[in-house]
Amino acid sequence: MSRKRGVIDEGEQNEEGNENLPISMTVATDLKAIQRCIPAFAVAFSGGFLVSVLDPFQTQLIIAFDLCGCSKNISEILVDNSCYTCKSGETVVAVINLLLFVGAILGCQLTRIFSEYGRVVLLKVIAGFIIPGSLLSALAPTGLAGGWAQVAVGRFVAGIGMGCVCVGCPMYISEMSPNSIRGKLQTISWVMQSSGSWFAVTLGLANWWRFVVFLPVVISLIALIMLSDVSETPYILLKRGSREAAMAACEDIHVEEDVEKEFEAVVHSVEISRNKKKPLELMRENREYVHALLVGACLGFLQNLSGARSLLTSSSRIIVQAGFSARSANFLTFALLGVNVLATVAATFIMDSWGRRKVLILSFTGQALTAIIGAVPFYVSPNADNAVTTVVSLFAFLATYAFGVGPIPCMYLGEIFPLDFKGFGMSVGASANWTGISITTFIVLSSSNTVIFSMFTIVSVIAAIFTAVFVRETKGKSVMGSPYFTEAKEMGGG
């Protein structure tokens with residue numbers, strides 16, 4: 001057994017990890033790992049804020065840009081709901097929301113370029129898109145025809161940054177985390193995304209849409225300041241030729257683990273990357289790359305096709321469609337996203353003990369069962385008042401989503417690809433993820449609650465079966481030890 005840093009006698013630590021180390025050492029190591037990831041957490045928070053920032057303001061946007069062509073003063077508009085419930089206004093808002101996701105798909109593809117310059121560089125690029133995009137949206141003129149188009153363009157630009165968040169944060173955290181708590185740190189990142197969404201909806205209760213849309217600029221600037229003093233991951237440091245710095249980084253990250261083995265895996269990945277083989281060449285030569293890519297992309301696609309992520313941008317519409325007022329819908333959305341945050345926090349305590357695969361199966365199954373609660377009443381009594389049932393189903397559905405389906409797919413993408421293929425693999429998986437949310441958002445914004453809950457049920461069942469059959473466990477394995485690659489298993493403790 002290779003000697004592990006910080007261990008005086010090999011008898012003090014068994015083969016499984018750090019169970020016999022002093023609790024104080026373990027806690028100190030965990031806290032240091034969390035501290036290393038704080039800048040990525042800040043970026044994740046800004047991404048979550050961006051996703052939900054317009055959800056409370058859909059009615060306000062229709063009124064502000066006169067999308068229903070009322071040409072009335074505000075007092076008349078407030079008593080005439082035809083001024084903010086027209087089909088043309090809802091269509092424009094749907095387009096604005098959809099452009100965020102289109103931008104995110106493009107952002108996912110760009111990450112494979114930016115990530116090769118550095119994982120920290122990629123995190124900075126995220127802010128570089130969110131800041132101008134948010135400024136464009138916040139400064140859109142309401143007195144000019146087509147002013148809403150500036151909001152749409154701003155959302156597209158900011159969406160590019162959002163797409164990079166889904167790759168950049170998991171990638172950085174996976175390479176800067178000890179194997180024993182990598183799942184917990186990745187889940188904390190998702191907690192920060194969920195908290196960002198919750199914070200956006202909370203501020204939305206005050207009805208200051210320009211101020212709230214501008215806030216991602218401030219959050220991103222804070223993240224940039226944090227990133228100014230953050231070192232790169234061992235993989236990037238070694239690619240740049242800084243062998244001593246890369247070894248020191250490995251020692252700092254894997255205090256209670258086999259440092260030599262982890263460093264050897266990094267060296268092996270860098271040597272492969274210097275062959276300059278393109279991803280398609282790697283897939284032609286080794287079908288294991290194709291297998292891992294298909295599993296990752298399908299999992300990412302099913303995550304958002306199953307519906308929950310679209311609720312973060314469109315929950316108000318579903319609640320209003322169920323019979324609640326727009327004001328009540330905003331308060332219920334606030335509570336809904338609060339449940340999302342609390343359930344994600346709970347997931348941090350079981351992610352590294354239960355494992356990704358088991359939690360995913362339970363979470364997808366829970367989504368299917370809770371979506372049925374919302375779907376069945378519409379078939380049994382289509383003309384009845386199903387408002388309470390709809391809200392109960394939404395709350396239960398999002399709670400089961402946040403427990404596993406929310407945090408795991410992006411985390412999983414950061415764990416199943418070799419470092420030389422990770423940029424490409426994660427960008428494809430994340431693109432599939434955002435394609436799924438684009439489809440479901442369009443359906444949610446244009447369909448009845450009957451169709452919405454039925455779709456959530458069917459896709460969640462398919463996703464649970466897919467996970468049980470095709471997804472392999474990554475719990476406790478080195479980030480270099482993907483279960484989909486024979487050589488990686490040998491190097492990474494698989």
Side-chain angles (χ1 to χ4, degrees), residues 1-7 13 15-19 21-44 115 118-123 168-189 226-227 229-270 273 348 351-352 411 413-420 422-423 426 474-482 488 491-494:
M1 183 176 75
S2 300
R3 189 172 180 82
K4 297 176 175 126
R5 185 171 178 262
V7 180
Q13 181 166 349
E15 290 290 335
E16 295 301 318
N18 59 3
E19 288 87 343
L21 286 172
I23 294 176
S24 58
M25 181 184 292
T26 300
V27 171
T29 302
D30 290 358
L31 290 175
K32 193 170 184 180
I34 292 172
Q35 184 180 9
R36 264 194 309 270
C37 295
I38 286 176
F41 296 156
V43 173
S115 64
R119 309 323 194 199
V120 175
V121 171
L122 177 55
L123 295 179
C169 292
M171 182 182 289
Y172 176 83
I173 293 170
S174 69
E175 294 178 25
M176 295 294 279
S177 303
N179 301 327
S180 58
I181 62 166
R182 189 174 63 246
K184 180 183 293 185
L185 293 177
Q186 294 279 27
T187 308
I188 291 174
S189 176
M226 291 182 177
L227 289 167
D229 192 34
V230 172
S231 64
E232 275 292 353
T233 67
Y235 173 71
I236 295 298
L237 290 172
L238 192 59
K239 277 194 72 174
R240 293 175 178 175
S242 303
R243 188 180 181 88
E244 291 184 4
M247 183 62 184
C250 274
E251 291 179 343
D252 191 44
I253 295 167
H254 302 285
V255 174
E256 300 161 10
E257 296 165 343
D258 195 330
V259 178
E260 291 179 8
K261 190 173 184 179
E262 296 294 335
F263 185 69
E264 286 172 7
V266 175
V267 171
H268 178 72
S269 296
V270 171
S273 70
T348 63
M351 198 60 65
D352 287 310
M411 174 200 311
L413 288 173
E415 296 177 328
I416 63 173
F417 299 118
L419 289 174
D420 58 297
K422 184 176 285 189
M426 290 190 72
T474 58
K475 178 190 74 172
K477 293 180 171 60
S478 166
V479 74
M480 322 299 174
S482 170
M491 296 189 65

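Numbering starts at 1 and runs along the sequence shown. Hydrogens, waters and symmetry mates are skipped; everything else that's a heavy atom, side chains included, is used.
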Could you list the donor-acceptor pairs under 3.5 angstrom formed between side-chain atoms of residues 236-243 and any protein atom two or more places apart in sequence or on another chain?
| unit_1 | atom_1 | unit_2 | atom_2 | d |
| --- | --- | --- | --- | --- |
| Lys239 | NZ | Glu116 | OE1 | 2.6 |
| Arg240 | NH2 | Tyr117 | O | 2.8 |

Acceptor/donor pairs from residues 31-39 side chains to any protein atom, 3.5 angstrom cut, sequence neighbours excluded:
| unit_1 | atom_1 | unit_2 | atom_2 | d |
| --- | --- | --- | --- | --- |
| Lys32 | NZ | Asp252 | OD1 | 2.7 |
| Arg36 | NE | Met176 | O | 3.2 |
| Arg36 | NH1 | Asp252 | OD2 | 3.3 |
| Arg36 | NH2 | Met176 | O | 3.4 |

### Query
Passes side chain to side chain contact (heavy atoms under 4.5 Å, CB included), Val266 versus Met247? Steps please.
CA-CA 10 Å; Val266 175; Met247 183 62 184; over 6 Å; no
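Annotation: side chain of Val43 is not in contact with side chain of Tyr172 (no heavy-atom distance under 4.5 Å). Using a 4.5 Å heavy-atom cutoff, the side chains of Cys169 and Leu123 are in contact.
Here Ser115 pairs with Arg119, Leu122, Met171 under the side-chain contact (heavy atoms from CB on, under 4.5 Å) rule; sequence neighbours left out. By the side-chain hydrogen bond (donor to acceptor under 3.5 Å, both in side chains) test, Ser189 is found to be paired with no residue, residues two or more places apart in sequence or in another chain being considered.
Between the side chain of Glu251 and the backbone N or O of Val259, no donor-acceptor pair lies under 3.5 Å. A donor-acceptor pair is defined here as one N or O able to donate and one able to accept, closer than 3.5 Å; no such pair exists between the side chain of Glu175 and the backbone of Pro234. Within the 3.5 Å criterion, the main-chain N or O of Gly414 finds a donor-acceptor partner in the side chain of Lys422.
Residue Arg182 holds its CZ atom at 11.5 Å from CD1 of Ile173, rounded to the nearest 0.5 Å. Summarising the geometry, atom CD1 belonging to Ile253 is positioned 9.0 Å from atom CD belonging to Glu262; distances are rounded to the nearest 0.5 Å. Glu415 contributes atom CD, which lies 9.5 Å from atom CE of Met426 (distance to the nearest 0.5 angstrom). To the nearest 0.5 Å, atom OG of residue Ser177 and atom NE2 of residue His254 are 8.5 Å apart.
Between Ile181 and Asp30, the closest heavy-atom pair is CD1-OD1, 3.5 Å.
With Met351 as the fixed residue, the side-chain contact (heavy atoms from CB on, under 4.5 Å) test singles out one of Thr187, Ile188, Leu185: Thr187.
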